[in-house]
Amino acid sequence: MKTFAFFIAIASACAQIERPGLGLMVDRDGAARPVYGIAGNATLGDAVATGALASACTRRLCLIKTESSVIGSSGQIADAPPGPALIAPPFIYFASSRQLARWHDGQLDPVDFAVDGQVLSLRVADDGGVELAVARGDGVWLVHGDGTVIDSLPAGPLMLVKRGVIFANSDGIVLRRADGTEIPFDIAGVESFFGLGDGYIGVRTADSTWAVRIETGRAFLLPEAAP
């Protein structure tokens with residue numbers, strides 16, 4: 001596995017004028033790759049880690065989950081529960097152990113939370129805490145880390161975004177903002193969403209990968225890694 005001290009440049013990619021970065025994505029072979037360029041004109045960089053299960057970036061921090069570790073922007077590695085994880089830096093939710101942790105100085109600090117149901121997505125709340133999308137027998141709910149219900153959410157593939165949610169339906173995908181306005185996208189057959197970079201969400205279908213820019217509501221195809 002490669003560590004990636006240079007990965008800090010990806011986390012602050014918006015400051016790179018000549019070659020701005022959109023974030024980081026895990027390709028279909030499990031390689032974590034930086035995504036360079038601008039909206040609608042992106043290229044993939046070389047893999048910075050292999051065996052990646054998930055990744056996500058903000059302007060200051062990128063995290064990668066492998067089978068049994070979490071790697072941070074400066075190359076720090078921390079042991080972690082095995083299997084998939086949901087990441088909203090600095091928070092990480094480990095599905096196999098139902099544990100929530102916060103990345104801090106290269107360590108994973110446990111976070112107390114009281115949430116029943118299957119956690120589908122998480123995000124950093126305006127107060128710095130965590131909010132989660134949780135599926136229960138009576139629907140899908142947006143909840144605080146203490147389990148308090150905030151709102152209902154659509155069923156099906158979804159991902160929480162800052163002050164909103166992006167979700168798939170029979171017509172494609174929809175970006176719903178906190179004020180209730182919606183932006184539809186004609187992207188059919190969505191299998192999953194993933195964190196790409198600050199202000200960008202990745203969308204994966206069986207044969208394509210897209211990026212959605214949250215601020216402008218624009219979607220564009222991302223390149224796929226060469227076999």
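The first residue of the sequence shown is numbered 1, and numbering continues consecutively from there. Remember, predicted model here, so these are calculated numbers, not experimental data.
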Nearest non-hydrogen partners of [X] and [Y], listed with the distance:
{"X": "Leu153", "Y": "Ala133", "answer": "CD1-CB, 3.6 Å"}
{"X": "Gly129", "Y": "Phe91", "answer": "O-CE1, 3.6 Å"}
{"X": "Val140", "Y": "Ala155", "answer": "CG2-CA, 4.0 Å"}
{"X": "Pro223", "Y": "Ala42", "answer": "CG-O, 3.5 Å"}

Check whether any side-chain heavy atom of [X] sits under 4.5 Å from a side-chain heavy atom of [Y], and report yes or no.
{"X": "Ser121", "Y": "Leu158", "value": "yes"}
{"X": "Arg33", "Y": "Val48", "value": "no"}
{"X": "Val35", "Y": "Leu24", "value": "no"}
{"X": "Val124", "Y": "Pro90", "value": "yes"}
{"X": "Thr205", "Y": "Ile187", "value": "yes"}
{"X": "Arg98", "Y": "Tyr93", "value": "yes"}
{"X": "Phe193", "Y": "Ile173", "value": "yes"}

For the pair [X] (side chain) and [Y] (backbone), establish whether a donor and an acceptor sit closer than 3.5 Å, ignoring hydrogens and angles.
{"X": "Thr66", "Y": "Ala52", "answer": "no"}
{"X": "Arg218", "Y": "Arg213", "answer": "no"}
{"X": "Ser68", "Y": "Ala80", "answer": "no"}

Starting at [atom1] of [X], measure out to [atom2] of [Y] and round the result to the nearest 0.5 Å.
{"X": "Leu132", "Y": "Leu160", "atom1": "CG", "atom2": "CG", "answer": "7.5 Å"}
{"X": "Leu53", "Y": "Lys65", "atom1": "CG", "atom2": "NZ", "answer": "5.5 Å"}
{"X": "Tyr36", "Y": "Asn41", "atom1": "OH", "atom2": "CG", "answer": "15.0 Å"}
{"X": "Asp198", "Y": "Cys62", "atom1": "CG", "atom2": "SG", "answer": "9.5 Å"}
{"X": "Leu63", "Y": "Ile71", "atom1": "CG", "atom2": "CD1", "answer": "10.0 Å"}
{"X": "Leu120", "Y": "Leu142", "atom1": "CG", "atom2": "CG", "answer": "11.0 Å"}

Going by side chain to side chain contact (heavy atoms under 4.5 Å, CB included), name the residues that satisfy it together with [X], two or more places apart in sequence or in a different chain.
{"X": "Ala56", "value": "Ile87, Pro89"}
{"X": "Arg204", "value": "Met25, Arg28, Ser192, Phe194, Thr209"}
{"X": "Ala211", "value": "Leu196, Phe220, Leu222"}
{"X": "Leu175", "value": "Val161, Ile166, Arg177, Ile183, Phe185, Ile214"}

Group every Ile, Leu, Val, Met, Phe, Trp and Tyr by side-chain heavy-atom contacts under 4.5 Å, then state whether [X] and [Y] land in the same group.
{"X": "Val143", "Y": "Leu86", "value": "yes"}
{"X": "Val149", "Y": "Phe113", "value": "yes"}
{"X": "Val174", "Y": "Trp141", "value": "no"}
{"X": "Val119", "Y": "Val111", "value": "yes"}
{"X": "Val130", "Y": "Val115", "value": "yes"}

- Note on the structure: So side-chain hydrogen bond (donor to acceptor under 3.5 Å, both in side chains) across residues 78-89, not counting sequence neighbours, yields none
- Message: Under the salt bridge (Lys or Arg N to Asp or Glu O under 4.0 Å) definition, can you give me all pairs with a residue in residues 130-149, not counting sequence neighbours?
- Response: Arg123-Glu131
- What pairs of residues pass the salt bridge (Lys or Arg N to Asp or Glu O under 4.0 Å) test when at least one of them lies in residues 102-113, not counting sequence neighbours? none
Does [X] have any side chain to side chain donor-acceptor pair (under 3.5 Å) partners at least two apart in sequence or in another chain, and if so, which?
{"X": "Gln76", "result": "Ser74"}
{"X": "Thr181", "result": "Asp179"}
{"X": "Ser97", "result": "Gln99"}

- Query: Which residues pass the salt bridge (charged side-chain N to carboxylate O under 4.0 Å, His left out) test with Arg163, sequence neighbours left out?
  - Reply: Asp126
- Item | Under the salt bridge (charged side-chain N to carboxylate O under 4.0 Å, His left out) test, residues paired with Glu182 that sit two or more places apart | Arg176
- Does CD belonging to Glu191 count more than 12 external heavy atoms closer than 6.0 Å? yes
